[in-house]
Number of protein chains: 2
Amino acid sequence: MKYEAAKLKDISKVLGLSVSTISRALNDSYEISEKTKKLVREYAEKINYRPNPVAVSLREKRSRSIGVIIAEIANSFFSQMINGVESVAHAKGYNVIITQSLESYERELSNLEFLASRSVDGCLISVSTETKNFDHITRLHKRGFPFVCFDRIIDDIKTHKVSIDNFKGAYDATKELVKSGFKRIAMLGNAEHLSITQERLSGYKAALADAGLVFDESLIRYCLHGGMIYGEVEQAMNELMSLRKKPDTFFAASDKLTTNFVRYCKAKKISIPNKLGLVGFSNLDLTDLLTPALSVIRQPAFEMGEAAAELLIKLIEAKRPPADFENMVLPPELLIRGSSERKK
Amino acid sequence: MKYEAAKLKDISKVLGLSVSTISRALNDSYEISEKTKKLVREYAEKINYRPNPVAVSLREKRSRSIGVIIAEIANSFFSQMINGVESVAHAKGYNVIITQSLESYERELSNLEFLASRSVDGCLISVSTETKNFDHITRLHKRGFPFVCFDRIIDDIKTHKVSIDNFKGAYDATKELVKSGFKRIAMLGNAEHLSITQERLSGYKAALADAGLVFDESLIRYCLHGGMIYGEVEQAMNELMSLRKKPDTFFAASDKLTTNFVRYCKAKKISIPNKLGLVGFSNLDLTDLLTPALSVIRQPAFEMGEAAAELLIKLIEAKRPPADFENMVLPPELLIRGSSERKK
DNA sequence: TTGTATGCGTTATCAA
DNA sequence: TTGATAACGCATACAA
């Protein structure tokens, strides 16, 4: 079953004009008489003619579309971010092709390969947790394929970057827990090698230091899939909760870690914040409906999407590589709610 | 700035063979000698050659990609559904282009136009709440553009459809509330003209009738944006809660209606289920973490996505229109939790 | 077994 | 002001 759309040739035949005349008339070329333009336009309108974007792409060597590689659509941070990307892209006449890696290096690779093989003019990427080697990205980048990194940044690639101040987010979160009187603050982190994990770890450490608390390595656990899989959070929690000196509160460094921490506490009937306090990264707009409401670090996801798309399109449309690259760092927002309030 | 990828011509020049030989060698044609194939393959591998999908699309008159039009990515039902779509599509060598209408007819129209203008081989669609006229869809469909409808079904279009048993979902939800002893059951519905709304309304009515309760029109409120905007839910709730004979429980007929109902109760300090009971449609995997945990009707979103993608690809690859169309109706699942338990 | 020519739908160059 | 022709990258019918 095949859908046949109207093409220039069809119009050309009916109106008895050449294909090139039709093309020029529809593109409002100065070379064509008003009379002819009107005739052509009206007929094209009538049969609902639309230029074939595939042919235009081949001809113009650009597709007017951008690709996005994220970990998971069903993650509030990413879905909000995509809304920002779409709003800018559509306004500038670009389409957005979304692909998800599901935190798998293999999938990231094949998605990127598809996108880069000229289906899109450039790409926004937040690498998967599994990705430790960035050759697939740098290789393309060196050959001129436009990238903008966001969220999970790759350090040694020279291009525009959009992220949040992860250090500050973690610092503020930890400081808030300290302020509430918690002493043994554990951290659930995303994969250890990720830039966001390291920055958040630094913020956490700095806040401890400033509060005169000693940093205890044994209170740190990393989850290779960023908490996407409940089992990895469960295991990390089991380990931490069976320490001789148990933590009395948690800093959860990603969306899924935060919710799966709550899930764990619910399952084990651990009361928040009485038994364990919590501040976590989350962009879910349901965290305020939990009991207790969760204290969260919220990222300006929509704005990050807007900024990243803006930068990427600028890169695509630039005649030559820009002299310097933007490194946008947006501020996170700490929303203090019940889960970090020490009760006793 | 432009990214130039390798093409057949490049290989052809280097190896001193014609473009067609290269093409055939890479496509493993029987006409080419093993020796040549090996030579070509190795060099192609070395320079990381990938065929230009745009050129292939133009040539083959198909793009090996499918489009999806949904209301909103940041909606658990849709994002889970997309995961199902992607898993099937990728397995069959198709790419997925996602667009969101944000419940706007205008956006649905322009998204569809983009997708149909030969960027994709077919389309999965769940119409926006604003869409009352389906001409833009039926017009394309009549001209042979493959569609599969899911979730929000269009009745008068002859094609494959994937939905859930909305009647049963609503019936079970309402019956559960009746069983708990609630008497005045209000319904928050999506836009009135949607098929899902009508079916859910019927299920609700039938359950009332079977329980010997009278149907009271004044207890029904429709939200034109399916609860996506908090204000519309707030207004509906304000109206219902200022009735002389207030409802004592709610059936919320969509994801966003359910969560915004909870948000409203939290804001107004209305205790669930003591003051108001609730069963609502929701696919969020956080509803069990609320206090009380929410009783929800859960849709098999992932499976729906798989089924819809499967049917669409079958449609695309069929030589001619199938004699009859599938009308898949999957069962919803009622998860009974705290919010529908009558306490007093 | 390999090469040449053609066409997919569009736009741009050149000619009329 | 309009038309014929070439080109974008690829795959295939036809020639050799």
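Only this structure's heavy atoms are used, side chains among them; waters, hydrogens and symmetry mates stay out. Note on naming: letters A, B, ... go to the chains in the order of the sequence lines (proteins, then strands), and numbering restarts at 1 for each one.
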Original post:
Has A:Tyr30 got a side-chain N or O lying under 4.0 Å from the OP1 or OP2 atom of D:dT2?
Top reply: no
Rounded to whole Å, the NZ-P distance (A:Lys37 to D:dT1) equals 9 Å
Closest of C:dT4, C:dT10, D:dG9 to the B:Lys7 side chain is D:dG9
Donor-acceptor pair present, A:Arg59 side chain and D:dG9 base, under 3.5 Å: no
OP1 or OP2 of D:dG9 versus the side-chain N and O atoms of A:Lys61: is any pair under 4.0 Å? yes
To the nearest angstrom, the CD-P distance between B:Glu31 and C:dT4 comes to 15 Å
With respect to the phosphate group of C:dG3, does any side-chain polar atom (N or O) of B:Thr21 fall under 4.0 Å of OP1 or OP2? yes
Open item on the list: Between A:Arg152 and A:Glu103, does any side-chain N to carboxylate O distance fall below 4.0 Å?
Closed with: yes
One should read off an interatomic distance between A:Glu310 CD and A:Met328 CE, to the nearest 0.5 angstrom, of 9.0 Å
Between B:Glu34 and B:Lys38, is there a salt bridge with N-O shorter than 4.0 Å?
no
Of D:dG9, D:dT2, D:dT12, the nucleotide closest to the side chain of A:Thr36 is D:dT2
The nucleotide from D:dT2, D:dC10, C:dT10 with an atom nearest the side chain of A:Ala55 is C:dT10
Rounded to whole Å, CG of A:Leu17 lies from P of C:dA16 at a distance of 20 Å
When rounded to whole Å, the CZ to P distance for the pair B:Arg50 and D:dG9 reads 17 Å
Notebook entry, point to check: Is the base of C:dT10 touched by the side chain of A:Ser23 through a donor-acceptor pair closer than 3.5 angstrom?
Noted result: no
Side-chain donor-acceptor pair present, B:Ser128, B:Glu130, cut-off under 3.5 Å | no
When rounded to whole Å, the CZ to P distance for the pair A:Arg64 and C:dT11 reads 13 Å
Rounded to whole Å, the CG-C1' distance (A:Asn52 to C:dG9) equals 6 Å
When rounded to the nearest 0.5 Å, the distance separating CG of B:Leu124 from CG of B:Asp151 is 12.0 Å
Whole-Å distance, A:Arg24 CZ to C:dT10 C1', equals 12 Å
Ranking D:dA11, C:dT2, C:dA12 by distance to the side chain of A:Ser20, first place goes to C:dA12
Whole-Å distance, B:Leu58 CG to C:dG7 C1', equals 9 Å
